[in-house]
Amino acid sequence: MSIFEYNGSALVAMVGKNCFAIASDRRLGVQLQTIATDFQRIHKIHDRLFIGLSGLATDAQTLYQRLMFRHKLYQLREERDMKPETFASLVSALLYEKRFGPYFCQPVIAGLSDDDKPFICTTDSIGAKELAKDFVVAGTAGDSLYGACEAMFKPDMEPEELFETLSQALLASVDRDCLSGWGGHIYIVTPTEVKECTLKGRMD
Amino acid sequence: MSSSSIVEAPPKGGFSFDLCKRNEMLSGKGVKHPNYRKTGTTIVGLIFQDGVILGADTRATSGPIVCDKNCEKIHFMAPNIYCCGAGTAADTESVTDMVSSQLQLHRYHTGRESRVITALTLLKKHLFNYQGHISAALVLGGVDCTGPHLHTIYPHGSTDTLPFATMGSGSLAAMAVFESKYKEGLNKEEGIKLVTEAICSGIFNDLGSGSNVDVCVITKVGKLLPDIFQFLGRSFSLYQFNFVLNGYGTGGKRIHEKPLKTQSTHIRQCEGIHLPQEDRLVSLSLLKQISI
């Protein structure tokens, strides 16, 4: 049994036209037993930057707390929010620091950088950044998500279309994975607003 | 965590081994280690008459899955030195970033352009220090005041100085091409063609390498500062994935795309699937026709 399959997760972020969307499933389990159906995997760092953490839930929580701490210190020192690219480097450095005893966590970072250009990135559990121009996936449903997103993605989608596409990709993929599901949580972020939606999917 | 660090101050640098005990306990209970992203890879370098040419494929794998179809394996070390990395992706990125910063500090300190041998020594020292646990296999190439240099560095810290070199899982495929076709005193076009052929050989014959070819040419021009490399953009292999082909990839300002030759082959038309449009194909170099 892999450590990533202990809790189960599905995370995906996709880029649209001057906007991005990040989505996750809502199940928290202990191997095959479900213990929560409203687990929050995506956290807001600031209005234009979100991070989703898949993998072992305890490491995800610890990592999130450390990242919030570092970001708040940064805000106090620099009197501004961190840019997504900088934040991605911070995540990568924090993870690589534990190279020989890593956090069992795979983050997905999504944000709007300067000029409202969407930025998405994922890293593996030791901090190797993967910058993508279309979508990034993480979690136990990762393989299915690759396939679904590859088929459904189109460049330059408007926020409504992006929402549709991402929710279809997520729900289709988690249906093929026992360890994730129980609905979905999506954030669609444009330069002017952040929309948070909950998806109703199969509860099995 | 020790009791003195209740508030976690930003760390001073280096690795932290806090979680090792917990992770060992977990593997004792039969929990498998996660798959790190590897750059399966074919990386090559060769010395031609005016300098050094480096080449790499662009596939990053996580176990059997391709997690990045367009990653960048040629890393910047100094304006006149570049390094290709194979092995665990996090290790190659961190090691090359770290030595690149050390070289910059050294340049400020000495006021001189960096030498390739300096980068080599810094890298091999670091890797030997960690006895091979930092799994980074590198091909380092550059041009400095003493001429063009090409080196390979193995994860345990040993190095070789060679006129042509290959590393990574596709290294045997690429080396076969080099051994049969390399000669001294190649000119730039011949050199680029040979490097592309070697990488393509790795792409087609090795499962850990794939996607596109990155080529980097480093030359010295005149007595002034050396000519900054030409990053010749990507030549796409014939397997046309549903890529978003508008200057895909690194987005860094280092890429100067120079179309070599453009040709597109429609494989098949499907309903409802987005196919790349012909006019957005940036640069293609066709070396082999494959029918699917």
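Summarising the local packing, NE2 of A:H46 is surrounded by more than 12 heavy atoms from other residues, nucleotides or ligands at distances under 6.0 Å. Heavy atoms from other residues, nucleotides or ligands lying under 6.0 Å from CD of A:E78 number more than 12. When the shell of 6.0 Å around CZ of A:R202 is examined, it contains 12 or fewer heavy atoms from other residues, nucleotides or ligands. Crowding of A:H43 atom NE2: a count of heavy atoms from other residues, nucleotides or ligands under 6.0 Å exceeding 12. The environment of OH in B:Y130 is crowded: more than 12 heavy-atom neighbours from other residues, nucleotides or ligands sit within 6.0 Å. The number of heavy-atom neighbours closer than 6.0 Å to CD of B:Q104, taken from other residues, nucleotides and ligands shown, is above 12. Heavy atoms from other residues, nucleotides or ligands lying under 6.0 Å from CG of B:L105 number more than 12.
Interface residue B:F15: backbone and side-chain heavy atoms are both found under 4.5 Å from chain A. Heavy atoms closer than 4.5 Å to chain A are found in both the backbone and the side chain of B:S16. Within the 4.5 angstrom heavy-atom criterion, atoms from both the backbone and the side chain of A:Y103 approach chain B. Only the side chain of A:F4 comes within contact range of chain B, with at least one heavy atom under 4.5 Å from a heavy atom of that chain. Contact of A:L56 with chain B is made through the side chain alone, with heavy-atom distances under 4.5 Å. Within the 4.5 angstrom heavy-atom criterion, atoms from both the backbone and the side chain of A:T122 approach chain B.
Taken from CG in B:L19 to NZ in A:K98, the straight-line distance is 5.5 Å, to the nearest 0.5 Å. To the nearest 0.5 Å, atoms CG (A:D143) and OG (B:S62) are separated by 8.5 Å. If you take CZ on A:F100 and CG on B:D18, they are separated by 14.5 Å, rounding to the nearest 0.5 Å. To the nearest 0.5 Å, the span separating SG on B:C67 from CG on A:D124 amounts to 7.5 Å.
A pairwise comparison of heavy atoms in A:G101 and B:C20 identifies CA-SG, 3.8 Å as the closest pair. Here the closest non-hydrogen pair linking A:I3 and B:L26 is CD1-CD1, 4.0 Å. Across every non-hydrogen atom of A:A128 and B:A89, the tightest pair is CB-CB, 3.7 Å.
For B:N23 (side chain) and A:P102 (main-chain N/O), a donor-acceptor pair under 3.5 Å exists by modelled atom type. Checking side-chain atoms of A:R99 against main-chain N and O of B:D91 turns up no donor-acceptor pair under 3.5 Å.
One finds no salt bridge joining B:K69 and A:D134 here, because no Lys/Arg side-chain nitrogen approaches an Asp/Glu carboxylate oxygen to under 4.0 Å.
Applying the salt bridge (charged side-chain N to carboxylate O under 4.0 Å, His left out) criterion to A:E193, with sequence neighbours excluded, gives no partner residue.
In this structure the side chain of B:R22 reaches within 4.5 angstrom of the side chain of A:D59, judged on heavy atoms.
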